[in-house]
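These notes are about the structure you will find just below.
This one's a predicted model, so the numbers in the text were calculated from it and none came from an experiment. Chain naming here is simple, since letters A, B, ... match the order of the sequence lines and numbering starts at 1 in each.
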Protein chains: 2
Amino acid sequence: MRTPLSAVPKSIVSDPKKLSAKTAAILDGAMQEFLAHGYTDTSMDRIAAAAGVSKATIYSHFQDKADLFTAIIQRLAEHKFSTFFDPRDAHALQGEPRLVLRQLTGKMYEQALQDTQFCEFMRLIIGESGRFPELAKPYIENIAKPFIQALSAYLESRHELRLKDPEATARTLMGTMIYFIMLQEMLHGREMLPMSPERMVDNLIDLIVPK
Amino acid sequence: MRTPLSAVPKSIVSDPKKLSAKTAAILDGAMQEFLAHGYTDTSMDRIAAAAGVSKATIYSHFQDKADLFTAIIQRLAEHKFSTFFDPRDAHALQGEPRLVLRQLTGKMYEQALQDTQFCEFMRLIIGESGRFPELAKPYIENIAKPFIQALSAYLESRHELRLKDPEATARTLMGTMIYFIMLQEMLHGREMLPMSPERMVDNLIDLIVPK
DNA sequence: GTCTATACATCGATAGAC
DNA sequence: GTCTATCGATGTATAGAC
């Protein structure tokens, strides 16, 4: 029924170890600028300056601005894929449900707060998914899909939870956390509509794990 | 404890009936273009053409492009506020929980699908909240806050649910639905990661309403 | 108030020297 | 491969006629 975890696609972009110094500098500079200012507000001049190369050099490594941008997003999806939640990190999804779920949600919230790039990345994915429809693919394949599949597999394995639909439950956990982070951190709901992450997590666990 | 519903702010922009024909045309044209192409990819020339006025006329009614954009967002937040979910529509939140919650979630999903402007609006709010930090305010005040408050008030009123934290539960419902819509409709998860809205809603209700 | 015409800046992309 | 210099297009915003 479910797709096995081995179906998770391997690296899309080139192996970092095979990148030239210039290419790596361009990718790093572009990542920094795109995350800070978005797509259209990031000029090729800014990227060139941030990367320490000339603009023409960028065009000798990438076809155009859109090509460089999509390369960045794919690169970030891989990077965030492994830090936001790595399904290969299987031992994190073993053990007593209340403990596992608390550890998992805590990890999500912490990383969203500590790594400011995460919110900017989500902003970019959603904001530019109209202009770049193919942009969502690396996010879904490398982040959303592995997370949902690994979590639903865990929920399904814990028979004492007696969940009728583990995948739907996994999506509820992910949606609750992501929207909470969006509302509180990205849309400044922290001040206008206060709510502690502890209350959210406690309640979420109470909803999923029967008393 | 909770803010009473009467504290929901009234209209921020001018009364539509007091707008001149030109101003209304500009607002409508700008709304159409901003929703279709985003902020930076919408030029003042395009807005002028869509509104059927000259570019100079726009600048006689609005200070600059950013001013026009924020006016549009505030206008949309009011409009969507009443269509996405109107807390004044109180009779929608009365009755048996399973029925009420099914009706509410169904309404959310239907409107997101039927009104294509809703997804574009969400994309704009999130995507441009970096450039325009004050942009999130109309969304939170007019959409998120009234929804959460009205739903948590209802959940609290149904004592048979025995919810320890009605507001956190209300946020879980909203987050589940919004992220589901984002993933499936905006990020093309419908094809890459299929999931029916019926399964999501059924499971969500089972989590909230005890058997 | 509304228009046409334009000033001025900046962008993506490239030509050509080295 | 990498650079400097530049082209052509397009953007925001405004001046000035009506």
Side-chain angles (χ1 to χ4, degrees), chain A residues 13-74 124 127-128 130-135, chain B residues 13-73 124 127-128 130-132 134-135:
Chain A
V13 295
S14 313
D15 187 356
K17 282 168 285 192
K18 292 186 178 178
L19 294 179
S20 73
K22 292 283 184 187
T23 305
I26 293 171
L27 284 171
D28 286 340
M31 177 183 304
Q32 177 187 342
E33 295 300 314
F34 279 135
L35 284 174
H37 308 103
Y39 180 73
T40 38
D41 273 13
T42 295
S43 67
M44 296 299 268
D45 291 273
R46 295 188 72 149
I47 296 176
V53 301
S54 76
K55 204 161 48 166
T57 300
I58 301 179
Y59 281 96
S60 75
H61 289 254
F62 298 91
Q63 192 174 355
D64 51 22
K65 187 182 176 183
D67 182 44
L68 176 56
F69 182 66
T70 53
I72 293 296
I73 294 297
Q74 289 180 346
L124 227 45
E128 302 297 340
R131 193 200 320 262
F132 299 101
E134 79 282 4
L135 208 83
Chain B
V13 295
S14 313
D15 184 357
K17 282 168 287 191
K18 290 185 180 178
L19 294 179
S20 72
K22 293 283 184 188
T23 306
I26 293 171
L27 285 171
D28 287 340
M31 178 182 302
Q32 176 187 341
E33 295 302 313
F34 279 134
L35 285 174
H37 308 103
Y39 179 72
T40 38
D41 272 13
T42 295
S43 66
M44 296 300 265
D45 291 273
R46 295 186 73 150
I47 296 177
V53 301
S54 77
K55 206 162 43 168
T57 300
I58 300 179
Y59 282 97
S60 76
H61 289 253
F62 298 91
Q63 192 175 356
D64 52 22
K65 188 182 176 182
D67 181 42
L68 177 55
F69 182 67
T70 53
I72 294 295
I73 294 297
L124 271 187
E128 302 297 340
R131 191 201 319 263
F132 299 100
E134 78 283 5
L135 209 81

Exercise for review: Kindly indicate whether the side chain of Thr40(B), heavy atoms from C-beta on, has any atom under 4.5 Å from the side chain of Arg131(B).
Suggested key: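 Sidechains of Arg131(B) and Thr40(B): in contact.
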
Check your understanding: Side chains of Phe34(B) and Ile73(B): does their closest heavy-atom pair fall under 4.5 Å?
Key ->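 Sidechains of Ile73(B) and Phe34(B): no contact.
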
Report which part of the nucleic acid [X] touches: base, sugar-phosphate, or nothing (heavy-atom distance under 4.0 Å, all strands).
{"X": "Lys22(A)", "value": "sugar-phosphate"}
{"X": "Ser54(B)", "value": "base"}
{"X": "Thr42(B)", "value": "sugar-phosphate"}
{"X": "Asp45(B)", "value": "base"}

Output the rounded distance in Å from [atom1] ([X]) to [atom2] ([N]).
{"X": "Glu33(B)", "N": "dT12(D)", "atom1": "CD", "atom2": "C1'", "answer": "16 Å"}
{"X": "Asp67(A)", "N": "dG12(C)", "atom1": "CG", "atom2": "C1'", "answer": "14 Å"}
{"X": "Lys65(B)", "N": "dT10(C)", "atom1": "NZ", "atom2": "C1'", "answer": "13 Å"}
{"X": "Arg46(A)", "N": "dC11(C)", "atom1": "CZ", "atom2": "P", "answer": "8 Å"}
{"X": "Lys55(B)", "N": "dC8(C)", "atom1": "NZ", "atom2": "C1'", "answer": "12 Å"}
{"X": "Ile26(A)", "N": "dT2(D)", "atom1": "CD1", "atom2": "C1'", "answer": "10 Å"}
{"X": "His37(A)", "N": "dT10(C)", "atom1": "NE2", "atom2": "C1'", "answer": "16 Å"}
{"X": "Ile58(A)", "N": "dG1(D)", "atom1": "CD1", "atom2": "P", "answer": "15 Å"}

Check your understanding: Between atom CG of Leu124(A) and atom CE of Met31(A), what is the distance when rounded to the nearest 0.5 Å?
Key ->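 Here the interatomic distance stands at 11.0 Å.
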
Point to revise | Spatial distance of atom CG (Leu135(B)) from atom OG1 (Thr70(B)) [nearest 0.5 Å] | key: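 Between atom CG of Leu135(B) and atom OG1 of Thr70(B) there are 7.5 Å.
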
Hey, does the side chain of [X] come within less than 4.0 Å of [N]'s phosphate (OP1/OP2), counting only N and O?
{"X": "His61(B)", "N": "dT2(C)", "result": "yes"}
{"X": "Tyr59(B)", "N": "dT14(D)", "result": "no"}
{"X": "Thr57(A)", "N": "dC3(D)", "result": "yes"}

Between [options], which one does the side chain of [X] approach most closely?
{"X": "Ala56(A)", "options": "dA15(C), dC11(C), dA13(C)", "result": "dA15(C)"}
{"X": "Ser60(A)", "options": "dT12(D), dT2(D), dC11(C)", "result": "dT2(D)"}
{"X": "Val53(A)", "options": "dC3(C), dC3(D), dA13(D)", "result": "dC3(D)"}

Exercise for review: Ignoring hydrogens and angles, tell me if any N or O in the side chain of Lys65(B) forms a donor-acceptor pair with the backbone of Tyr39(B) under 3.5 Å.
Suggested key: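 Yes: the side chain of Lys65(B) pairs with the backbone of Tyr39(B).
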
